[in-house]
Number of protein chains: 2
Amino acid sequence: MISIGELSKRTKVKVPTIRYYEEMGLLPEAERTSGNQRRYDKAGLERLSFIRHARDLGFSIEAISSLIELQDHPDRSCEAATDIASSQLSDVRTKIKRLKTLEKELSRISKGCNGEGVSEDCYVLASLADHNLCDGEHQKP
Amino acid sequence: MISIGELSKRTKVKVPTIRYYEEMGLLPEAERTSGNQRRYDKAGLERLSFIRHARDLGFSIEAISSLIELQDHPDRSCEAATDIASSQLSDVRTKIKRLKTLEKELSRISKGCNGEGVSEDCYVLASLADHNLCDGEHQKP
DNA sequence: TATAAAATCTCTAGCAACTAGAGGTTCAAG
DNA sequence: CTTGAACCTCTAGTTGCTAGAGATTTTATA
């Protein structure tokens with residue numbers, strides 16, 4: 001049985017974040033010492049690693065909740081899991097697309113001014129003021 | 001002079017968001033009718049367009065504050081503006097990089113399971129549980 | 001002009017996923 | 001047995017909004 005600090009070290013998840021995950025129901029309520037401090041076993045470590053890994057891949061807390069639910073029932077169909085993963089994948093792809101558009105536009109704007117003049121003549125500021133100076137679309141989704 | 005609703009329609013910024021921008025100091029306090037409703041002129045419309053455009057490009061409220069400050073002083077050096085823009089550009093590039101890593105990993109994981117089995121055998125879940133099943137790094141920044 | 005509907009006002013609270021800090025208790029080493 | 005590190009709970013803050021309540025004002029129609 002290890003303390004929350006030790007668990008934190010091993011998983012690289014901060015202590016308050018671990019407590020937050022518990023509050024959100026991602027982690028079951030930890031066992032406690034007589035003095036009310038949390039203690040974790042191997043199962044706790046593995047679950048937190050799972051969560052951490054999923055968070056690193058950008059899954060939301062809610063999605064992770066569902067994934068854990070499935071993991072806890074080995075006999076259920078895993079369709080929901082693959083659905084969650086592919087929806088996450090398409091989210092990521094959408095974000096990449098949008099960011100690439102932004103990158104293009106930002107780099108074009110940036111190149112327009114070297115920062116040596118005054119703001120009156122600044123192409124960066126002018127571009128923001130006047131959408132007509134823009135190439136493409138960059139609406140929010 | 002136009003109402004906040006009209007301004008909202010023209011700029012595609014929602015009414016509560018306009019009020020929020022005012023509260024944050026991005027927009028100056030609007031003139032009011034005798035009945036205390038906000039009225040905007042051309043300058044207000046232009047400023048909000050500027051903000052909206054900058055937000056679309058992903059600039060933070062704080063960054064936009066600085067940009068507006070510069071825009072209001074045409075004689076100042078625009079170095080800060082170009083700095084802000086290029087820092088935003090590099091932020092965007094960093095995000096793209098990270099998302100591409102995620103995309104690779106997610107697509108690899110997704111392909112590993114067609115969702116027709118049970119969760120015990122699901123490659124998606126197994127990958128999340130065991131980091132060794134991963135290719136690369138996908139740490140948070 | 002009267003009335004009703006639409007728009008506006010302020011205020012508070014909520015979202016995601018944490019992070020920071022206060023003030024107090026417990027654990028582990030020496 | 002002391003002391004200092006680690007832990008506890010609780011509240012509030014972060015970012016950029018969005019939603020809703022309850023009250024008032026404006027505008028369009030009868």
Side-chain angles (χ1 to χ4, degrees), chain A residues 1-27 29-40 44 48 50-68 84 87-88 91-92 95 98 102 139-141, chain B residues 1-27 29-40 44 48 50-68 84 88 91 95 98 102 139-141:
Chain A
M1 301 293 272
I2 59 173
S3 70
I4 197 170
E6 183 59 28
L7 182 65
S8 168
K9 251 180 233 154
R10 294 206 203 164
T11 55
K12 266 132 207 163
V13 176
K14 287 179 190 156
V15 169
T17 304
I18 297 173
R19 291 197 275 249
Y20 171 73
Y21 289 158
E22 180 182 312
E23 204 184 306
M24 292 299 102
L26 289 191
L27 290 170
E29 299 208 354
E31 277 182 55
R32 303 288 184 126
T33 63
S34 58
N36 201 33
Q37 298 195 356
R38 292 171 178 82
R39 287 298 113 107
Y40 298 88
L48 185 53
F50 181 100
I51 295 168
R52 150 98 205 200
H53 197 173
R55 284 295 300 133
D56 283 350
L57 287 168
F59 289 97
S60 69
I61 300 284
E62 204 193 339
I64 298 172
S65 246
S66 310
L67 292 171
I68 285 175
I84 289 169
S87 130
Q88 173 63 14
D91 273 15
V92 166
K95 278 183 190 152
R98 171 160 154 74
L102 297 196
Q139 259 50 255
K140 290 201 172 178
Chain B
M1 302 293 273
I2 59 173
S3 71
I4 196 169
E6 183 60 28
L7 182 65
S8 169
K9 250 179 234 154
R10 295 207 202 165
T11 56
K12 265 132 207 162
V13 176
K14 287 177 188 158
V15 169
T17 304
I18 298 173
R19 291 196 275 248
Y20 171 73
Y21 288 159
E22 179 182 312
E23 204 183 306
M24 292 298 103
L26 290 190
L27 289 171
E29 300 209 353
E31 276 182 56
R32 303 289 185 127
T33 63
S34 58
N36 201 35
Q37 299 196 353
R38 291 170 179 82
R39 287 297 115 107
Y40 297 89
L48 185 54
F50 181 100
I51 296 169
R52 149 100 204 197
H53 195 174
R55 285 294 301 134
D56 284 350
L57 287 168
F59 289 95
S60 70
I61 300 285
E62 204 194 338
I64 297 173
S65 246
S66 309
L67 292 171
I68 285 175
I84 289 169
Q88 173 63 13
D91 274 15
K95 279 183 188 150
R98 172 162 152 74
L102 297 196
Q139 261 48 253
K140 290 200 170 177

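Below, all heavy atoms of this structure are taken into account, side chains as well, without hydrogens, waters or symmetry copies. Chain naming here is simple, since letters A, B, ... match the order of the sequence lines and numbering starts at 1 in each.
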**Q.** Value in whole Å for how far the C1' atom of C/dC27 lies from CD of A/Glu6
**A.** 14 Å

Q) If you measure from the Lys or Arg side-chain nitrogens to the Asp or Glu carboxylate oxygens, is any gap between B/Arg19 and B/Glu23 under 4.0 Å? A) no

Q. Which listed nucleotide (D/dC7, C/dC27, C/dC18) is nearest to the side chain of A/Val15?
A. D/dC7

Q) Any idea which of C/dC18, C/dC9, D/dT26 is nearest the A/Arg55 side chain? A) C/dC18

Q: Take the protein atom CD of B/Glu29 and the nucleotide atom C1' of C/dC9, then report the distance between them rounded to whole Å.
A: 14 Å

Q: For the side chain of A/Pro16, starting at C-beta, report the closest nucleotide among C/dC18, C/dT19, D/dC7.
A: C/dT19

Q.
Heavy-atom count check: over 12 atoms from other residues, nucleotides or ligands less than 6.0 Å from A/Glu62 CD?
A. no

Q: Figure out the CD/P separation between A/Glu23 and C/dC18, and round it to whole Å.
A: 13 Å

Q. What's the closest nucleotide to the B/Tyr20 side chain, out of C/dT8, D/dT26, D/dG16?
A. D/dG16

**Q.** Side chain of B/Ile61 - closest among C/dC9, C/dC18, D/dG16
**A.** D/dG16

Q.
Just N and O in the side chain of B/Arg32: are any of them under 4.0 Å from OP1 or OP2 of C/dT10?
A. yes

Q: Among the candidates D/dC7, D/dT9, C/dT8, find the nucleotide nearest to the side-chain atoms of A/Asn36.
A: D/dT9

Q.
Checking contacts here: which listed nucleotide (D/dT18, D/dC8, C/dC27) is nearest the side-chain heavy atoms of B/Thr17?
A. D/dT18

Q: Looking only at side-chain atoms of B/Ser3, point me to the closest of D/dC7, C/dC9, C/dT8.
A: C/dT8

Q: Output the single nucleotide from D/dC7, D/dT18, C/dC18 whose closest atom is nearest the side chain of A/Ile4.
A: D/dC7

Q: Measure from CE on B/Met24 to C1' on D/dC17 and round the result to the nearest Å.
A: 10 Å

Q) Given D/dT26, D/dC8, C/dC9, which nucleotide is nearest the side-chain atoms of B/Arg19? A) C/dC9

Q | Presence of salt bridge, A/Glu22 and A/Arg38, under 4.0 angstrom | A | yes

Q) If you pin A/Phe59 and B/Arg39 to their nearest nucleotides in DNA chain C, which one's is more 5'? A) B/Arg39

Q: Would you mind telling me which residue lines up with the more 5' stretch of DNA chain C, A/Thr33 or A/Lys14, judged by nearest nucleotide?
A: A/Lys14

(Q) With a 4.5 Å cut-off on side-chain heavy atoms, are A/Ile18 and A/Tyr40 touching? (A) yes

(Q) What's B/Arg38 touching, base or sugar-phosphate or nothing? Going by heavy atoms closer than 4.0 Å. (A) sugar-phosphate

Q) Would one find a side-chain N or O of B/Ser60 under 4.0 angstrom from OP1 or OP2 of D/dT15? A) no

Q) Has the side chain of A/Gln88 got a donor or acceptor atom that lies under 3.5 Å from a matching backbone atom of A/Leu57? A) yes

